[in-house]
Amino acid sequence: MPVFDDLSNMIIVGQHIAAAEWAETELEDGVSPEDIIDKGMIPGMDEIGRRWKEQEIHMPEVLIAARAMQACMAVVKPRLKTTSDTSRGSVAIGTVKGDLHDIGKNLVVMMLEGAGYTVHDLGNDVAPEAFVQAAEENNADVVAMSALLTTTVPMMMETIGALEEAEIRTKVKVMIGGAPVSQDLATQIGADGYAPDGATAVDVISVLLSGE
Ligand code: B1M
């Protein structure tokens, strides 16, 4: 039985090589990628968040933990099962303008790809016009926006405005997520869906595209 706390601790102290090796070994032993993410990686990053909030650590510690998180994701990502041979739909996703947080968004990307969606990952600091362009160029079914800062949440509304201005709002569904975001906010700004995590994001998009 893997001790997921070991992985959480490696993330916390930023041992990116050891963390990636731990994930690799446990995957070989049959542990599921979802368990590695949910029971080892995310709790590690949550603890980093708590320590930063309490001012027990500073930016360099956060950055090395983020690097360990990304190193693990690189190992886990190819092992997430793809549940479908054909694409279930096209999703243009990014973290909104002014916001550099991309760990959570990257996890959502992994879950969506694993579930069989074609994902166009626009990265972080994505301007409203860039979401519009990506949605048009890729004929996206969904525009998915992440924000981690309360100050960048208004960019979600601006992006929805840009989709309306480009006259493609009726062609795409809009989903939002990220720590300062909620279902109430989604309703308020006219987004079609909200997901608190990657697994729910898959379910929400599935419902949005089924037209239920
Ligand atoms: Co920043 N940061 N940060 N940071 N950082 C937070 C978010 C903060 C809460 C810390 C705190 O003060 N307690 C705070 C925001 C406060 C607020 O506005 N409410 C904060 C701040 C203030 C800042 C800076 C302003 C600090 C400064 O410079 N003074 C600065 C801003 C830079 C910028 O963006 N312009 C900054 C910088 C950074 C780093 C660069 C050092 C680094 C980011 C590295 C990176 O992402 N590559 C960083 C980090 C790592 C954090 C914390 C510690 C961890 C975030 C994280 O990765 N969590 C964070 C504290 C915290 O969250 N407790 C903090 C793990 C991740 C798996 O969870 O991202 O929530 P999360 O994603 C979840 C869900 O939210 C959801 O699914 C994911 C998986 O379950 N989800 C979606 C996310 N996106 C989704 C989209 C969806 C659906 C679900 O659909 C589209």
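Both counts, for ligands and for their atoms, begin at 1 and track the order of listing. Numbers here simply count residues along the sequence, with the first being 1.
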Going by atom types only, do E137 and Q133 share a side-chain donor-acceptor pair under 3.5 Å?
yes
If you have a sec, work out which protein heavy atom is nearest atom 62 (O) of ligand 1 and how many Å separate them, to one decimal?
L148 CD1, 4.4 Å
Note: heavy atom closest to atom 13 (N) of ligand 1, options H58, K53, M41, belongs to K53
Give me the residue, atom name and distance of the protein heavy atom closest to atom 63 (N) of ligand 1.
G49 CA, 3.5 Å
Please determine whether any non-hydrogen atom of G178 lies less than 4.0 Å from an atom of ligand 1.
yes
Does this structure show an ion pair linking D99 with K105, if we count only N-O contacts that are shorter than 4.0 Å?
no
Are a donor atom and an acceptor atom from the side chains of T187 and Q183 found within less than 3.5 Å of each other?
yes
Do D5 and K39 meet the salt-bridge criterion of a basic N to acidic O distance under 4.0 Å?
no
Out of L7, V76, D197, which one pairs with I37 under the side-chain contact (heavy atoms from CB on, under 4.5 Å) rule?
V76
Note the single closest protein heavy atom to atom 90 (O) of ligand 1, along with its residue, its atom name and the distance in Å.
M175 CE, 3.3 Å
Give the residue and atom name of whichever protein heavy atom lies nearest to atom 27 (C) of ligand 1, and the separation in Å to one decimal.
M59 CE, 3.8 Å
Can you tell me which portion of P180 lies within the under-4.0 Å heavy-atom range of ligand 1? Options are side chain, backbone, both, or neither.
neither
Nearest neighbour in protein (non-hydrogen) for atom 2 (N) of ligand 1:
H101 NE2, 3.1 Å
Quick one: nearest non-hydrogen protein atom to atom 15 (C) of ligand 1, plus distance?
L149 CD2, 3.6 Å
Given A191, S146, P60, which has its nearest heavy atom closest to atom 84 (N) of ligand 1?
S146
Give a yes/no on ligand 1: does T151 have at least one heavy atom closer than 4.0 angstrom to it?
no
So which protein heavy atom does atom 35 (N) of ligand 1 come closest to, and at what separation?
G98 O, 3.0 Å
Salt bridge check: are E28 and R79 linked by an N-O gap of less than 4.0 Å?
yes
Interatomic distance, I64 atom CD1 to M69 atom CE [nearest 0.5 angstrom]:
14.5 Å
Quick one: does A65 get a heavy atom under 4.0 Å from ligand 1?
no
Specify the closest pair of heavy atoms between P43 and D38, including all atoms of both residues, with the distance to one decimal.
CD-O, 3.2 Å
Considering only protein heavy atoms, which is closest to atom 54 (C) of ligand 1, and at what distance to one decimal place?
M45 CE, 4.2 Å
Listed by chain and number, what are the salt bridge (Lys or Arg N to Asp or Glu O under 4.0 Å) partners of R50, not counting sequence neighbours?
E47, E56
